[in-house]
Amino acid sequence: MSIKSRTKVREALVSGELEKEITVKGWVRTRRGNKNIAFIALNDGSTLNNIQVVADVPAFPEDLLRQVTTGACISVTGTLTPSMGSGQSVEIQAKSINLYGPADPATYPLQKKGHSLEFLREIAHLRPRTNTFGAILRLRHAMSYAIHKYFNDNGFYYLHTPIITGSDAEGAGEMFRVTTLDMMNPPRTEDGKINYREDFFGKETNLTVSGQLEGEIGALALSDVYTFGPTFRAENSNTPRHLAEFWMIEPEMAFYDIHDNMDLAEDFLKYLINYALEHCNEDLRFLNDMYDKELLSRLNSVINSDFVRITYTEAIDILSSSGVKFEFPTQWGADLQSEHERYLVEKHYKKPVIITGYPKTIKAFYMKQNDDGTTVRAMDVLFPRIGEIVGGSQREENLQALENRIEELGIPREELWWYLDTRRFGTAPHAGFGLGFERMMLFITGMSNIRDVIPFPRTPNNAEF
RNA sequence: UCCUCCUUAGCUCAGUUGGUUAGAGCACCUGACUGUUAAUCAGGGGGUCCUAGGUUCAAGUCCUAGAGGGGGAGCCA
């Protein structure tokens, strides 16, 4: 279903209905020509490609064509014909042109020539009109769709976990406070602290850092669920891999153990890459040619390889005996550093690696402990270029074991009463993981900065647009 | 937050050891050209050299502080 009066550029380029009169609408990328003929490259975002509009200059008001400049928005009605030029197969011979919105070429920031990604970040309101961001945003959409399709086709239900959370026990990072209290003059308790009893929810609330705990509630009722929503971390992280607001996919499955969990993660990641290759080939080819010459070969290599599965202990052994001088020496019990992960993925195995069996001391309280009493059934999926793209685990389903761990770590148990209830009543083995959507987008697009794979990035000191 | 690099025209960048009036390509404006392909050709306009101090006869260039940005690290997805 679409409005009949307008043909999208994507359709027009493949329609094959030559000699037919159509109307296209979009934004001018370039205009070339001379006194007699003008060539207008028009793009409406439906595809990377422009459609060439050919205008017989004397047939149009001079003032109109003068305003058809890079960035202007126009509507063109004309005949779709085979192109006499060599750069495209069809073009539109314009009969009428309507100017929706001019763009003063002296001040319009986008030029037909390329811009640096850093500059485009400063004009995030206009960068969707570039080839690069058009391609990225179409890919982002396709990946979102593929995520829902994959889970739907595999019997998962989409669970909406809360954005505002009253739980501070997720332990995944610093949180953004949500409050309606007057910050200049907040209500106080008798001992001078801020009285959150008078806040909107009657308690301290924050933006979610993970939907996992609620996801587990869903899995222990619907069997297989997933969340896909915004996630917020108030960490002061200034890197090309971190955002304060990002999107995360978190499947949670009843009756899965850690191995089922790894199988799902691997299958899921390969499905998404495959979907992009099948449905977004043109955009991927563009990104491959413009930014990352190895993008397509890397994507193909990942879908055609079996992910390596090793334990944390094996990883430490490999790193220790590698003979490589790391800045941070490897030591059992310490978390793996970026340089260690990169060595394993990019040098040693040259393919994605899943590491399991981490020491419990460096992982979250809800992870299922192994019989050795020292390691947990955690899993991190490490990708070339990205590092950790997925983090997950089998969850501790035993009430006593979970309570003991909460006690050991000094986590306020009152806030988790509902979570513990899932273990108290009809508990079941289950597992799940979190996939950072923008990290996935980094891998899919070959971009190197996470701020370029989300339309409106939020990072420390930046909430413009 | 730490380390490091960068900031010169609308954009991308050059600018030598500190030395006359700060340059180029693209963009923009004017003109030429009857089918262009990031069109081409000719001409023109365009500068708070990030900001504030300092050193010096002299600072785009050296020093100090600050702001903004990139990369690396940590935290993590």
Side-chain angles (χ1 to χ4, degrees), chain A residues 29-41 49-58 66 69-71 81-88 91 93 103-123 130-131 170-174 209-212 228 230-250 265 290 326-328 335-339 341-342 362-364 380-383 386-392 433-443 448-454 459-462 464:
Chain A
R29 285 295 173 77
T30 70
R31 193 198 63 198
R32 299 177 290 270
N34 54 45
K35 238 189 295 191
N36 301 288
I37 188 164
F39 301 97
I40 302 159
N49 300 302
N50 305 322
I51 193 158
Q52 172 153 286
V53 175
V54 184
D56 185 26
V57 173
R66 198 168 50 235
T69 56
T70 299
T81 63
S83 178
M84 289 150 87
S86 59
Q88 56 285 314
E91 62 192 17
Q93 298 288 338
D104 180 1
T107 54
Y108 183 61
L110 288 174
Q111 300 171 11
K112 45 189 155 187
K113 201 165 175 170
H115 294 286
S116 68
L117 294 169
E118 289 84 357
F119 173 69
L120 291 174
R121 262 170 234 153
E122 293 169 15
I123 51 166
T130 62
N131 286 339
E170 288 158 358
E174 293 295 310
V209 293
S210 167
Q212 182 200 314
F228 182 14
T231 309
F232 308 88
R233 304 263 169 101
E235 306 284 352
N236 190 10
S237 297
N238 294 286
T239 84
R241 297 180 307 282
H242 289 87
L243 291 165
E245 174 182 300
F246 63 101
W247 289 65
M248 189 155 62
I249 301 109
E250 295 178 287
M290 297 299 287
F326 293 109
E327 189 186 341
F328 297 90
D335 213 346
L336 296 177
Q337 304 288 320
S338 291
E339 56 175 345
E341 298 181 347
R342 274 203 310 276
I362 58 173
K363 289 292 181 184
D380 282 0
V381 181
L382 309 180
F383 259 33
I386 312 297
E388 183 182 342
I389 196 169
V390 161
F433 61 83
L435 167 68
F437 184 53
E438 284 75 19
R439 294 237 174 124
M440 184 67 192
M441 286 300 300
L442 279 178
F443 186 75
S448 50
N449 192 312
I450 203 163
R451 294 159 202 197
D452 296 330
V453 295
I454 187 168
T459 53
N461 269 315
N462 181 22
E464 197 72 43

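Naming: A, B, ... by sequence-line order, numbering from 1 per chain.
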Please give, in whole Å, the distance from [N] [atom2] to [X] [atom1]?
X        : N      : atom1 : atom2 : answer
A/His115 : B/rG10 : NE2   : C1'   : 9 Å
A/Phe326 : B/rA73 : CZ    : P     : 13 Å
A/Phe232 : B/rA77 : CZ    : C1'   : 14 Å
A/Asn461 : B/rU1  : CG    : C1'   : 12 Å
A/Leu336 : B/rG74 : CG    : P     : 11 Å
A/Asp380 : B/rC75 : CG    : P     : 12 Å
A/Glu174 : B/rU1  : CD    : P     : 13 Å
A/Arg342 : B/rG71 : CZ    : P     : 14 Å

Classify the nucleic acid contact of [X] as base, sugar-phosphate or nothing, counting any heavy atom under 4.0 Å across all strands shown.
X        : value
A/Thr70  : nothing
A/Glu388 : sugar-phosphate
A/Val390 : sugar-phosphate
A/Glu245 : nothing
A/Arg31  : nothing
A/Glu341 : nothing
A/Gly85  : base
A/Ile386 : nothing
A/Pro460 : nothing
A/Thr231 : nothing

Distance-only, no hydrogens or angles: does the [X] side chain make a donor-acceptor pair with backbone N or O of [Y] under 3.5 Å?
X        : Y        : value
A/Gln212 : A/Glu250 : no
A/Glu438 : A/Trp247 : yes
A/Asn462 : A/Glu464 : yes
A/Glu235 : A/Glu174 : yes
A/Thr69  : A/Ala103 : yes
A/Ser83  : A/Gly85  : yes

Taking atom types as they are modelled, is there a donor-acceptor pair under 3.5 Å from the base of [N] to the side chain of [X]?
X        : N      : value
A/Gln88  : B/rU36 : yes
A/Ser237 : B/rC75 : yes
A/Glu327 : B/rG72 : no
A/Arg32  : B/rA38 : no

Give me the distance, rounded to whole Å, that separates [N] from [M] when you measure between the [atom1] atoms they each carry.
N      : M      : atom1 : value
B/rG35 : B/rG25 : C1'   : 27 Å
B/rG15 : B/rU61 : P     : 14 Å
B/rG66 : B/rA9  : C1'   : 25 Å
B/rC6  : B/rA14 : C1'   : 15 Å
B/rU51 : B/rG69 : C1'   : 15 Å
B/rC75 : B/rC5  : P     : 24 Å

Report yes if a side-chain nitrogen or oxygen of [X] is closer than 4.0 Å to either non-bridging phosphate oxygen (OP1 or OP2) of [N]; otherwise report no.
X        : N      : value
A/Ser338 : B/rG74 : yes
A/Arg121 : B/rG68 : no
A/Asn238 : B/rG74 : no
A/Arg241 : B/rC75 : no
A/Ser116 : B/rU12 : yes
A/Asn34  : B/rC33 : no
A/Gln337 : B/rG74 : yes

State the pairing partner of [N]; accept Watson-Crick or G-U wobble contacts with both distances under 3.5 Å, and report none otherwise.
N      : result
B/rA24 : B/rU12
B/rG43 : B/rC29
B/rC2  : B/rG72
B/rC62 : B/rG54
B/rU7  : B/rA67

Which nucleotide, [options], lies nearest any side-chain atom of [X]?
X        : options                : result
A/Asn236 : B/rG35, B/rA38, B/rU1  : B/rU1
A/Lys35  : B/rA32, B/rG35, B/rC75 : B/rA32
A/His242 : B/rC75, B/rC11, B/rU36 : B/rC75
A/Phe39  : B/rG35, B/rU34, B/rU1  : B/rG35
A/Phe119 : B/rU34, B/rC75, B/rC11 : B/rC11
A/Gln93  : B/rA77, B/rG35, B/rA73 : B/rG35
A/Phe328 : B/rA73, B/rC28, B/rA77 : B/rA73
A/Glu235 : B/rA77, B/rC75, B/rG74 : B/rC75

In sequence, state the C-alpha distance, the side-chain angles, and the governing distance for A/Thr459 and A/Leu243, and then conclude on side-chain contact (heavy atoms from CB on, under 4.5 Å).
CA-CA 5 Å; A/Thr459 53; A/Leu243 291 165; 3.8 Å; yes
Between A/Ser86 and A/Asn449, which residue's closest nucleotide on RNA chain B lies nearer the 5′ terminus?
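Of the two residues, A/Ser86 wins.
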Where each residue is assigned the nucleotide of RNA chain B containing its nearest heavy atom, which of A/Asn462 and A/Met248 is assigned the position nearer the 5′ end?
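Upstream on the strand: A/Asn462.
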Short side-chain donor-acceptor distance under 3.5 Å, A/Arg233 and A/Thr231:
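There is no such pair between these side chains.
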A/Leu435 vs A/Val381 side-chain heavy atoms within contact, under 4.5 Å:
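Counting from C-beta outward, A/Leu435 and A/Val381 never come under 4.5 Å.
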Flag as yes if A/Phe246 stacks onto the base of B/rA77 (centroids under 5.5 Å, planes under 30°), otherwise no.
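It does: the ring sits over the base of B/rA77.
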Give the intermediate values and the outcome of side-chain contact (heavy atoms from CB on, under 4.5 Å) for residues A/Phe246 and A/Arg439.
CA-CA 9 Å; A/Phe246 63 101; A/Arg439 294 237 174 124; over 6 Å; no
